[in-house]
Amino acid sequence: MKYNDLTSRFLKYVKQNTRSDENSSTVPSTQRQVDFLNNLRAELEEIGLSDIFYNEKNGYLTATIESTTDKDVPTIGFISHVDTADFNSENIQPQLIENYDGVSAIKLGESGFYLDPKEFNSLNKYEGHTLITTDGTTLLGADDKSGVAEIVTFADYLIKHPEIEHGKIRIAFGPDEEIGTGANLFDVDIFDADFAYTVDGGPEGELEYETFNAASLKVEIQGKNVHPSTAYGVMVNASLLAIEFNDRLPKNEVPEKTKDREGFFLLTDMSGNVDQASLSYIIRDFEKDGLTRRKELAHQIANEINESLDTDRVSVTIQDQYANMYEVMKDHMYVVDLAREAMHNLDIETDEKAVRGGTDGSKISFMGLPTPNLFAGGENMHGRYEYVSVQVMEKAVDVLLEIATLNTKGEK
Ligand SMILES: [Zn+2]
């Protein structure tokens, strides 16, 4: 369906810089996200939502669309994040390409960069669509301003159409998804929904309810540094031990050589000299046991290296980051079924693959609120080649409306 303010709303949102900052310790990580949420709050007031509340403790802005039915139906939540990824987001100048022909390369402003279907064949499926792109100097921020614009447009539409029967709906806009911390402080009690969806996925049809299990691995190595002239039988080179550690990991279990449901170790940072060295990894696996095996392997390698040395010099610290939301979702598949049925009714083919990453919903699901992820429309997220189709954003709003409507058919 066409929605009057969807495109203008999206363009207004993306022009406001909301980049998060992983080196900040404040919540939200940047003041610009607070500024954005303040503007959004004013907009929600204007639209006429209830219970509008900005929670300073976690940076979430929440509101209610009141029920229009006497039936006792579950409360649904819709959630998106307002921050954008770690890429230039100063002075975002979106371009609107109407009636795209599906084959031409799109010139990204004067930047010298092109969005070319030869390189990005996803463009082929957008013949006849209105595309929004960057000018080549910034990201677009469709991740996740498209989700924000869709949820606000959905809320606006329902309030203007009280004749549409639906239960109570809760909406939330939060910070810092891109730095992996935003949902840590999400308050499921305040949100008070029976189940929810993040609207933060990519192309049309995406429906995600399975994510990686994730942990971080830090390896610290203490060497023994002496002058090379007296090094014989004495020196222990921490950097060489670091290389040995990495060499003992399975060579093919890295992101560039794994796909689908295969897990990996990713070396994200290394530093070292003779005296000290450190390695940072992220570990990912769809199976809980698989993640455990990877953790055990890291400990085992450290032990084996230590046993070959004069003293324990290799230490391993592992921290869990998030878990596969399917652990929770498997007992709440009606939430996924509702989204499937909604898309089916709208002739949208669902694309249900396990996310090789995490979503805010992985954390929120484990807090007791089952929260799969719905498509928001963005393509090539996190950089200058990011773009989104207006028609797909419209379909995303259609899906939210259909979910809200279908939900009144099943009693609590
Ligand atoms: Zn996102």
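Given the structure is predicted, the values throughout are model-derived calculations rather than measurements. Start at 1 and go down the list; that is how both ligands and their atoms are numbered.
When only modelled atom types and interatomic distance are considered, Ser278 and Ser271 share a side-chain donor-acceptor pair under 3.5 Å. A donor atom on one side chain and an acceptor atom on the other are not found under 3.5 Å apart for Ser389 and Tyr100.
Scanning for ring pair (Phe, Tyr, Trp, His ring centres under 6.0 Å) contacts around Phe36 gives Tyr13, with sequence neighbours left out. Contacts of Asn91 classified as side chain to side chain donor-acceptor pair (under 3.5 Å), with partners at least two apart in sequence or in another chain: Gln93. Every side chain to side chain donor-acceptor pair (under 3.5 Å) that Thr137 has, sequence neighbours left out, goes to Asp135.
Excluding waters, the set of protein N, O or S atoms lying under 2.8 Å from the Zn ion (ligand 1) comprises His81 NE2, Asp143 OD1, Asp200 OD1, Asp200 OD2.
A salt bridge links Asp320 to Lys295: at least one charged side-chain nitrogen sits closer than 4.0 Å to a carboxylate oxygen.
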